[in-house]
Amino acid sequence: MRKIVFVTGNRDKVREVKEILEKKNIEIVQKNLDYPELQEDELEPIASYGARWAADKLNMPVIVDDSGIFIHALNGFPGPYSAFVEKHLGNQKILKLMDGETNRNATFKSVIGYCEPGSEPLVFTGKVEGNIAYVERGTGGFGFDPIFEYHDKTFAEIGDIEKNKVSHRQRALEKFCNWLD
Ligand code: ITT
């Protein structure tokens with residue numbers, strides 16, 4: 001079994017990544033190391049910089065996962081600021097911002113950054129298209145899952161098993177695994 005260090009402070013990401021990669025015979029070991037996050041409009045440079053920083057700091061190959069939800073009617077907001085917005089505003093305030101908005105389209109994105117010490121980082125992007133719900137629904141998942149609808153059900157309603165078959169994170173990890181192979 002291949003072992004990969006996942007640098008993140010987010011236990012929910014670890015749970016999902018573990019479940020997805022276990023099926024590919026990859027064991028995930030979490031390292032809770034707070035890597036610097038660049039201020040950028042896109043997630044790729046943030047994941048790339050973070051992966052390089054963490055690989056060099058720990059002197060071992062690592063992955064990081066930088067994710068965000070891009071709401072079309074809000075010109076992509078919160079996008080790379082998703083963690084800040086979730087922490088300080090939360091889903092209810094996002095729903096308020098979307099009040100009266102008929103265009104509910106949103107893209108959930110996850111970028112897996114992989115780096116070996118002293119090497120160039122690689123990034124693998126996964127996306128899933130959906131809609132922002134009118135109210136929070138469901139008890140599964142985490143973060144924005146109760147307001148992100150995929151085919152009429154929120155990610156919080158479909159639960160981990162179904163989410164991990166179609167999510168932005170699953171799609172990014174699929175690309176990463178193809179590259180590893
Ligand atoms: P790291 O230590 O890995 O950076 P983080 O939680 O700060 O953990 P990000 O910087 O990537 O992660 O911020 C992404 C935000 O989007 C954060 O608030 C997450 O809770 C949320 N998020 C990421 N993936 C999600 C998912 O699959 N479902 C719901 N919310 C998600």
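Everything numeric here is computed off the predicted structure, so don't read it as measured data. For ligands, and for the atoms within them, numbers begin at 1 and follow the listed sequence.
The protein heavy atom nearest to atom 6 (O) of ligand 1 is Asn10 ND2, 2.9 Å. Here the heavy atom of the protein found nearest to atom 12 (O) of ligand 1 is Lys13 NZ, 2.8 Å. Closest to atom 4 (O) of ligand 1 among all protein heavy atoms lies Glu37 OE2, 3.0 Å. The nearest protein atom to atom 28 (N) of ligand 1, hydrogens excluded, is given as Asp145 OD1, 2.7 Å; this is a heavy-atom distance. For atom 2 (O) of ligand 1, the closest heavy atom belonging to the protein is Gly9 N, 2.8 Å. Scanning the protein for heavy atoms near atom 24 (N) of ligand 1, the closest one is Arg169 NH2, 2.8 Å. Closest to atom 20 (O) of ligand 1 among all protein heavy atoms lies Glu86 OE1, 2.5 Å. Of the protein's heavy atoms, Thr8 OG1, 2.6 Å lies nearest to atom 3 (O) of ligand 1.
Minimum interatomic distance between Ser119 and Arg52 (heavy atoms only, all atoms of both residues): O-NH1, 3.9 Å. Across Glu157 and Lys153, no two heavy atoms sit closer than the pair OE1-CA, 3.5 Å. Closest approach of Phe142 to Arg169, counting heavy atoms only: CZ-NH1, 3.9 Å. Between Thr154 and Asp145, the shortest heavy-atom distance links the atoms CB-O, 3.4 Å.
A donor-acceptor distance shorter than 3.5 angstrom exists from the side chain of Arg171 to the backbone of Lys127, with no hydrogens or angles considered. Not a single donor-acceptor pair under 3.5 Å links the side chain of Gln170 to the backbone N or O of Lys163. A donor-acceptor contact shorter than 3.5 Å links the side chain of Ser82 to the backbone of Ile69. Side-chain N or O atoms of Lys13 include one that pairs as donor or acceptor with a backbone N or O of Asp65 at under 3.5 Å.
In this comparison of Ser67, Ser82, Ala83, Ala47, the heavy atom closest to atom 7 (O) of ligand 1 sits on Ala83. The heavy atom nearest to atom 25 (C) of ligand 1, considering only Phe155, Phe6, Phe142, is found in Phe142.
In this structure, Phe108 is part of the shell of residues with a heavy atom less than 4.0 angstrom from ligand 1. Residue contacts with ligand 1 include Tyr35, since one or more of its heavy atoms lies under 4.0 Å from the ligand. Within the structure, ligand 1 has Lys163 among the residues with a heavy atom less than 4.0 angstrom away. Look at Phe144 and you'll find a heavy atom under 4.0 Å from some atom of ligand 1.
Relative to the ring axis of Tyr134, Arg104 places its NZ or CZ within 45° and under 6.0 Å from the centre.
Within the listing of ligand 1, atoms 3 (O), 11 (O) sit less than 4.0 angstrom from a heavy atom of Asp65. Ligand-side atoms of ligand 1 in range of His168: 24 (N), 25 (C), 26 (C), 27 (O), range being under 4.0 angstrom from any heavy atom.
Polar contact with ligand 1: absent for Val7 (N/O pair, distance under 3.5 Å).
With a heavy-atom cut-off of 4.0 Å, Lys87 does not touch ligand 1 at all.
Ring geometry for Trp179 against Phe124 counts as tilted: the plane angle lies between 30° and 60°, on a 0 to 90° scale. Ring geometry for Tyr150 against Phe155 counts as tilted: the plane angle lies between 30° and 60°, on a 0 to 90° scale.
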